[in-house]
Amino acid sequence: MHRSDRPGMIQQNENGPFDPGRIEKAETLLTRGTACYPYTFDRTETVASARARFDGIGHDPSAERLRLAGRLYTIRNHGRTVFADLGDETGRIQLYLRKMDLGDETFALFVDLVDRGDFVGVEGRPFRTKVGELSLWVDEIVVLCKALIDLPEKFHGLKDTEKRYRQRYLDLAMNEQVRETFRTRSLVISGVRTYLSDRGFLEFETPTLQPVYGGANARPFTTLHHYLDQTLFLRIAPELYLKRLVVGGFERVFEISKNFRNEDIDSSHNPEFTMVEAYEAYRDYNGMMDLTEDLISTLVREVHGSTTLEFGGKTLEFAAPWRRMTMEEAVREHAGIDTLSLPLDDLARIADERGIPGREKATTPREHLVLFFEALVEDRLIQPTFVHDFPIENSPLAKRHREKEGFTERFELFIDGMEIANGFSELNDPRDQLDRLRAQDRRRLEGDLEAQMVDMDFITALGLGMPPTGGVGIGLDRLVMLLTGHTSIKEVILFPQMKPLRGTGTPGTAPGE
RNA sequence: GGGCUUGUAGCUUAGUUCGGUAGAGCGACGGACUCUUAAUCCGUAGGCCAAGGGUUCAAAUCCCUUCAGGCCCGCCA
């Protein structure tokens with residue numbers, strides 16, 4: 001492929017994306033015997049640590065010498081002295097360099113050949129400048145990596161949303177609050193892992209490439225295994241494999257799973273997203289609501305420092321207990337419709353009056369209930385709220401409700417109108433499961449792109465017996481959105497899926513195809 | 001899929017309403033400067049104005065198409 005004439009956001013020339021001036025400087029460094037890319041640098045501490053330890057220092061330099069390393073973010077040259085800002089993962093600190101301290105040769109090398117964006121290692125003594133800026137009085141400096149591409153402009157920085165997503169490394173390098181968002185994301189993931197591990201759940205990895213997909217209603221990605229000459233699907237959920245583990249005797253299992261759904265991309269959907277799914281034997285959906293409530297409120301408290309947080313101008317309260325209501329109650333309370341006590345004619349009339357989308361397909365009271373809920377209620381569930389007892393038609397993997405005919409023991413958690421979690425008393429009657437998956441498969445063959453397949457191996461596993469089990473899946477991207485105050489999922493996914501730039505490759509072709 | 005909106009130098013952008021050969025700041029390059037922090041001062045280079053087509057004597061500007069982004073709506077977590 002000829003890369004040099006590719007259009008797109010990354011400027012290309014005969015040097016690739018690199019700046020010719022910087023290449024020349026790198027070569028000059030080498031001819032002067034200075035490595036551009038040395039192997040190590042022994043720093044004594046991080047910027048944040050140094051800042052904390054020398055917070056009280058005055059104008060006279062400390063006797064203690066520090067070695068710090070990081071990227072240069074600004075350089076202010078005053079002739080025989082230079083101020084620069086050095087940033088590492090923990091923060092930034094000002095450097096003070098003088099010709100008379102470094103010596104003519106090193107000083108000239110720094111001024112002539114080191115640019116903003118380069119990584120350097122420095123040694124010197126902390127002090128506070130006249131105007132009160134904690135700084136490092138540097139008397140030794142080495143290049144640790146010569147950057148060949150300029151950083152964005154220093155004052156405005158990088159704001160272009162598209163470029164931020166496409167070149168996230170640049171976004172991270174320039175924007176501390178973006179690093180903070182992803183630091184939070186990491187804390188959430190490890191917090192979930194710790195919480196479940198501490199309670200005896202074992203973490204497993206189940207197949208991402210699946211011959212039969214299932215566990216959710218969604219359109220899958222399809223791929224081909226050449227050696228097996230077999231069509232495989234990228235998982236839409238790990239559910240059916242995790243239940244196999246419960247069949248096999250693991251009583252508490254979880255997986256932090258990347259799932260793939262071949263659907264639209266928007267501010268709350270990315271084709272690959274992260275969920276945690278957890279299953280616990282001898283527990284039902286009530287127990288899983290308890291678990292979800294405790295897990296999320298614990299995470300919010302640990303990561304955020306309190307159980308209340310601001311999101312989109314609203315104050316969300318995560319302290320348990322959370323509101324729990326049946327779907328029927330939710331529709332009655334928020335839409336004023338007592339769905340199941342009204343005749344079908346009245347329901348159809350109400351649906352017409354309120355202009356409910358999809359109303360023409362609803363032929364039973366339960367279908368109207370779901371329509372009313374989705375159209376009139378979901379958006380109004382701002383505070384963390386469990387809605388439970390879903391109609392059986394759209395819950396093929398949930399156990400029938402122990403009392404209510406036509407309903408399942410399923411719940412969903414809503415926060416600020418977003419579905420955050422979904423769980424149920426897991427269906428473990430193998431014949432019922434087979435019937436319900438067959439019904440799904442009929443819908444699929446009739447053209448429902450999101451209906452499920454019959455996974456006969458899963459049915460076989462259930463036939464062997466699965467204890468009563470509760471399960472839940474929690475959308476971690478959305479949880480991170482809540483915790484970081486972002487309303488776009490692209491802000492909490494490091495490398496969100498973007499449309500390809502024209503001419504940036506040959507889509508869908510791997511070597512040898 | 002529908003609506004609105006954006007794309008100008010490496011970065012941030014002015015200019016688009018009312019067509020007249022693209023202007024700035026930062027950055028780069030050259031020079032001055034020993035406590036600055038968007039350092040300052042002097043000078044230089046850098047743009048087929050997202051791509052393609054059309055209207056016109058003349059298009060960044062008007063029209064059409066395409067590409068990419070953002071926001072809102074519909075559907076999925």
Side-chain angles (χ1 to χ4, degrees), chain A residues 7-11 13 17-22 24-25 59 73-85 92-101 107 112 115-117 127-135 137 148-166 170 174 215-220 236-237 257 259-277 357-358 374-375 378 394 412-414 418-422 448-450 473-479 481 487-491 496 498-504:
Chain A
M9 298 190 59
I10 297 170
Q11 302 299 311
N13 54 40
F18 310 134
D19 179 79
R22 284 178 178 255
E24 198 180 323
K25 288 180 184 177
H59 186 59
Y73 280 93
T74 56
I75 299 173
R76 297 179 288 284
N77 189 337
H78 289 254
R80 266 167 280 188
T81 66
V82 174
F83 290 93
D85 295 316
R92 294 189 188 182
I93 192 167
Q94 176 168 270
L95 307 179
Y96 180 54
L97 306 97
R98 301 195 309 180
K99 191 175 193 174
M100 63 182 290
D101 299 323
F107 189 78
D112 294 339
D115 294 307
R116 189 165 166 264
F127 78 111
R128 201 169 281 282
T129 62
K130 270 185 194 167
V131 293
E133 177 85 20
L134 178 61
S135 308
W137 195 313
L148 297 185
I149 297 173
D150 290 339
L151 289 178
E153 198 249 7
K154 64 189 172 193
F155 183 56
H156 296 93
L158 178 65
K159 293 232 187 73
D160 182 83
T161 312
E162 178 180 0
K163 188 154 190 172
R164 286 185 45 235
Y165 296 157
R166 288 191 192 274
L170 197 53
M174 294 303 297
N217 287 60
R219 209 173 156 181
I236 57 174
S257 165
N259 298 337
F260 305 86
R261 300 190 185 175
N262 211 338
E263 291 155 357
D264 284 1
I265 297 172
D266 64 27
S267 57
S268 60
H269 296 87
N270 194 63
E272 54 181 296
F273 65 102
T274 305
M275 284 184 67
V276 58
E277 284 200 11
E374 289 175 350
E378 275 188 16
N394 295 312
E412 288 187 347
L413 169 65
F414 290 88
M418 280 195 295
E419 184 191 331
I420 298 293
N422 178 23
D448 182 346
L449 295 170
E450 296 179 353
I474 301 171
L476 295 182
D477 308 281
R478 290 182 177 178
L479 198 56
M481 287 168 70
T487 53
S488 168
I489 201 167
K490 285 187 170 72
E491 292 289 355
M498 304 286 280
K499 287 190 192 172
L501 293 169
R502 201 151 41 120
T504 51

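Chain letters run A, B, ... following the sequence lines, proteins first and then strands; every chain starts at 1. Just so it is clear, the model here is predicted, and its values are computed rather than measured.
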query = P atom, B/U21 versus B/U66: distance in rounded Å?
reply = 32 Å

Closest to the A/His78 side chain, choosing from B/U12, B/U36, B/A38 = B/U36

inquiry  = Heavy atoms only, 4.0 Å cut-off, all strands: where does A/Asp101 land among base, sugar-phosphate and nothing?
reply    = nothing

query = Do the ring planes of A/Tyr96 and A/Phe127 sit parallel (below 30°), tilted (30 to 60°) or perpendicular (above 60°)?
reply = tilted

query = Between B/C71 atom C1' and A/Glu491 atom CD, what is the distance in whole Å?
reply = 13 Å

request  = Check every strand shown and say whether A/Glu133 touches a base, only sugar-phosphate, or nothing at a heavy-atom separation below 4.0 Å.
outcome  = base

message = Say we look at B/C71 and B/G30: how far apart would their P atoms be, to the nearest angstrom?
response = 42 Å

ask   = Mind checking the P distance from B/A60 to B/A51? Whole angstroms is fine.
value = 11 Å

ask   = Which listed nucleotide (B/U37, B/A68, B/C76) is nearest to the side chain of A/Glu374?
value = B/C76

remark   = Closest to the side chain of A/Ser135, out of B/C75, B/U36, B/A38, is B/U36

task = Can you see which heavy atom on A/Thr274 is nearest to which on A/Asp477, and at what distance?
result = N-OD2, 2.7 Å

message = Distance check, P atoms only: B/G2 and B/C26, in whole angstrom units.
response = 45 Å

query = Is there a donor and acceptor pair closer than 3.5 Å between the side chain of A/Thr129 and the base of B/U36?
reply = yes

Heavy-atom pair with the smallest gap, counting every atom of A/Pro152 and A/Leu170 = CD-CD1, 3.7 Å

note = When A/Met275 and A/Trp137 are each assigned the nearest nucleotide of RNA chain B, the 5'-most assignment goes to A/Trp137

Distance between C1' atoms of B/U6 and B/C18 (Å, rounded) = 23 Å

query = Heavy-atom distance under 4.5 Å between the side chains of A/Phe107 and A/Arg98, does that happen here?
reply = no

key: Separation of the C1' atoms in B/A50 and B/C72, to the nearest angstrom   = 24 Å

inquiry  = Rounding to an integer number of angstrom, what distance separates B/C49 and B/C62 when you compare their P atoms?
reply    = 15 Å

query = How far, in whole Å, is B/A24 from B/C41 if one measures between their P atoms?
reply = 15 Å

task = Could you tell me whether the phosphate oxygens of B/C11, OP1 or OP2, come under 4.0 Å of any side-chain nitrogen or oxygen in A/Lys163?
result = yes

Euclidean distance, atom CG of residue A/Asp115 to atom P of B/A28 [Å, nearest integer] = 7 Å

ask   = Could A/Arg76 and A/Asp85 be called an ion pair, given the rule that one side-chain N must be under 4.0 Å from one carboxylate O?
value = yes

message = Categorize A/Tyr96 for me: base, sugar-phosphate, or nothing, with a 4.0 angstrom heavy-atom threshold over every strand shown.
response = base

key: Of the listed nucleotides B/C35, B/U36, B/A68, the one nearest the side chain of A/Gln94   = B/U36

note = Scanning all shown strands, the Watson-Crick or wobble mate of B/A22 with both distances under 3.5 Å is none

message = Side chain of A/Asp264 only, heavy atoms from C-beta on: which candidate in B/C75, B/C26, B/U34 is closest?
response = B/C75

ask   = A/Leu151 CG to B/U12 P: how many Å, rounded?
value = 13 Å

query = Rounded to the nearest Å, what distance is computed from the CZ atom of residue A/Arg116 to the C1' atom of nucleotide B/G10?
reply = 11 Å

message = What's A/Asp85 touching, base or sugar-phosphate or nothing? Going by heavy atoms closer than 4.0 Å.
response = nothing

remark   = Under a 3.5 Å limit on both distances, the Watson-Crick or wobble mate of B/U56 is none

key: For B/G1, the Watson-Crick or wobble counterpart (both distances under 3.5 Å)   = B/C73

key: Nearest-angstrom distance from the residue atom CD1 of A/Ile75 to C1' of B/U34   = 18 Å

message = Please pick, from B/C35, B/G70, B/A28, the nucleotide with the shortest atom-to-atom distance to any side-chain atom of A/Phe127.
response = B/C35

inquiry  = Restricting to non-hydrogen atoms, name the atom on A/Asp19 and the atom on A/Asp150 that form the minimum distance, rounded to 0.1 Å.
reply    = OD1-OD2, 4.4 Å

request  = Whole angstrom is fine here: how far is it from CG in A/Leu449 over to C1' in B/G1?
outcome  = 14 Å

task = Ignoring hydrogens and angles, answer whether the base of B/C76 and the side-chain atoms of A/Asn217 contain a donor-acceptor pair closer than 3.5 Å.
result = no

key: Watson-Crick or G-U wobble partner of B/G7, both distances under 3.5 Å   = B/C67

query = For B/A39, which nucleotide in any strand shown is its Watson-Crick or wobble partner with both distances under 3.5 Å?
reply = none

request  = Determine which nucleotide pairs with B/A14, using a 3.5 Å limit on both distances of a Watson-Crick or G-U wobble pair.
outcome  = none

task = Take the protein atom CD of A/Glu162 and the nucleotide atom C1' of B/C11, then report the distance between them rounded to whole Å.
result = 15 Å

task = Using a 4.0 Å heavy-atom cut-off across all strands, classify A/Asp477 as base, sugar-phosphate, or nothing.
result = nothing

inquiry  = Could you tell me if the side chain of A/Glu162 sits less than 4.5 Å from the side chain of A/Met498, heavy atoms only?
reply    = yes

request  = Write down the atom of A/Arg22, the atom of A/Arg116, and the distance for their closest heavy-atom approach.
outcome  = NH2-O, 2.6 Å

key: Interatomic distance where CZ belongs to A/Arg80 and C1' belongs to B/C35 [whole Å]   = 15 Å

request  = With the side chain of A/Glu450 defined as its heavy atoms from C-beta on, choose the nearest nucleotide among B/C75, B/G70, B/C72.
outcome  = B/C75

A/His59, nearest nucleotide to its side chain (from B/U36, B/C35, B/U34) = B/C35

ask   = Quick one: which of B/G25, B/A68, B/G74 gets closest to the side chain of A/Arg166?
value = B/A68

